[in-house]
Amino acid sequence: MLSILIWLPIFSAIFIAVLPLNIPKNRIRLTALVFSGIVLLWNLFILLKFDISNPGMQFKEYLPWNETLGLSYQLGVDGLSILMLVLNSLLTWIAIYSSSKETERPRLFYSMILLVSGGVAGAFVAENLLLFFLFYELELIPFYLLISIWGGEKRGYAGIKFLIYTAVSGALILATFLGMVWLSGSTNFAFDAVSTENLSIAKQLLLLTGIVLGFGIKIPLIPFHTWLPDAYVEASAPIAILLGGVLAKLGTYGLLRFGLGMFPHAWSIIAPNLAIWGALSTIYGAVIAIAQKDIKRMVAYSSIGHMGYVVLAAAAGTPLALVGAVAQMFSHGIILAILFHLVGVVEAKVGTRELDKLNGLMSPIRGLPLISALLVLSGMASAGIPGLTGFIAEFIVFQGSFSIFPISTILCVVASGLTAVYFVILLNRTCFGRLDNLAYYPKVLWSEKIPALILAAFIIFLGVQPTWLVRWSESTTTTMVAAIPSLEKTVISEVAVK
């Protein structure tokens, strides 16, 4: 059942890549849409079949592969990954639908997107360390090509930078996985066969450091974030949606699955420092976003701040905080996706992303009133306005983390306030303001509005009905927390020693 989510996109990518050269571009795009739509529908079918009361892995698949290496084709999905699978397939469909019908080299373009979708899905469902690593690395070259070929003026530089940082992330993670198996004495890379409980705390901390650094680059946390603004800004809008909405979630997912999940005792030791790191990332992302003049770069820096909330929640390790972490990952994905899509529409119609050159887009004279209204809604969701999904996720994170790390949580609340500041700046200068001319920009087609309307519906619905956002992960996260030593006791004991 889960294999379809992996291999259908991959085989679809191969099928599209070998299509005859005389097929029109729009038919290639339609073919990619159909395949990605089937994957999305299958994902929703799995979601409906998912048992929310079962904290363990479901829909398991197992096939021996290479027993000498301890590598097996072992799949499963639980509350930590089920929403990430839905997010991946949804944003893949959105990215393909929102891409231009005149995209150059469409076979390669859509093949790479589908290949990324299959690889990301494989990473989310893998139950073997080496299998996870293989799928984790599968997206590296496709994303590099998607940035370097279809990106902006500095696409070559941004692509190489992304490639280097992601390669370093993969190397750290592979080295840590090998160390986990070697030091634990296991001959199998399956999740349930690798145990770190008998390792000394020093060895656990060493391995956990590799996990945190490897996935910290992917999230990214400061100071490993410098690849993000270049990659997000130079990538086309559909690829930026996948970078921010899907790829970054592999980092936070890995932190939860392999950091907190496999090193519960060592995690309780580094948690205070990790909470501070996450809080500083949120403050940094918000402050730097305020200083930006390019609205796409502003949205890119906002991502650094919002992913810091997930790190804070993971560090706190309470049942409520972890539910909030998963909710924040999904909410951030759809909010960032709609923001990048709307910024792409504005740039396509107006010809610029500069705040100093944009004004009055809400006016009917400009021809972008609906796009501006959706941009206002998206900014409100990102700023955590009640009634929208962004508020629900952030509130749960703060509520679950405050009892453990009050100072770090307060810093994140401050960062949330700063989010409102830079989005007010963005919206005031783009959607409102005095018209400096009577230019009427090209009409926004309904086909360009549909992706934003779909994402806006998710933002509103999940804000009004948050149960549909949090119910999937409660059982799994509660079970994960049970294995972690009380962080309250750990923090108090450390303070007493000092």
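Residue numbers run from 1 in the order of the sequence given.
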Practice task
For the residue pair Y232 and W227, categorise the inter-ring angle as parallel (less than 30°), tilted (30 to 60°) or perpendicular (more than 60°).
Solution key: perpendicular
Problem - Student check: side-chain heavy atoms of M307 and T282 closer than 4.5 Å - result: no
Handout entry: Side-chain donor-acceptor pair present, Y165, K161, cut-off under 3.5 Å
Key = no
Handout entry: Other residues, nucleotides, ligands: >12 heavy atoms within 6.0 Å of L30 CG
Key = yes
Problem - Validation row: R105, I149 side chains within 4.5 angstrom (heavy atoms) - result: yes
Handout entry: Test item: side-chain donor near acceptor, Y301 and H225, under 3.5 Å
Key = no
Exercise for the section: Would you mind reporting whether L339 and I295 have side-chain heavy atoms less than 4.5 Å apart? Expected result: no
Problem - Six-ring centre of Y97, R29 cation under 6.0 angstrom, axis tolerance 45° - result: yes
Handout entry: Ion pair check, R155 and D230, cut-off under 4.0 Å
Key = no
Handout entry: Check: T166 and E139 side chains under 4.5 Å, non-hydrogen atoms
Key = yes
Problem - CZ (F458) with more than 12 external heavy atoms under 6.0 Å - result: no
Exercise for the section: May I ask you to check whether S99 and Y110 show a side-chain donor-acceptor distance below 3.5 Å? Expected result: yes
Handout entry: K293 bridged to E354 by N-O distance under 4.0 Å
Key = no
Problem - Exam field: side chain K249 to backbone G244, donor-acceptor pair closer than 3.5 Å - result: yes
Completion exercise
Test salt bridge (charged side-chain N to carboxylate O under 4.0 Å, His left out), reference E448, set K101, K443, K349, output is K349
Practice task
Please determine if K218 forms a cation-pi arrangement with Y136, meaning its NZ or CZ atom is less than 6.0 Å from the six-membered ring centre and no more than 45° off the ring axis.
Solution key: yes
Problem - V125 backbone acceptor or donor facing S81 side chain under 3.5 Å - result: no
Problem - Side chains of E347 and T352, donor plus acceptor under 3.5 Å - result: no
Practice task
Kindly say whether the aromatic ring centers of F124 and Y253 come within a distance under 6.0 Å.
Solution key: yes
Exercise for the section: Applying side-chain contact (heavy atoms from CB on, under 4.5 Å), run through I459 and I334 and close with a yes or a no. Expected result: CA-CA 7 Å; I459 289 171; I334 60 176; 4.0 Å; yes
Problem - CZ (F395) with more than 12 external heavy atoms under 6.0 Å - result: no
Practice task
Apply salt bridge (Lys or Arg N to Asp or Glu O under 4.0 Å) to E137 and list each qualifying residue two or more places apart in sequence or on a separate chain.
Solution key: none
Problem - R471 atom CZ, over 12 foreign heavy atoms within 6.0 Å - result: yes
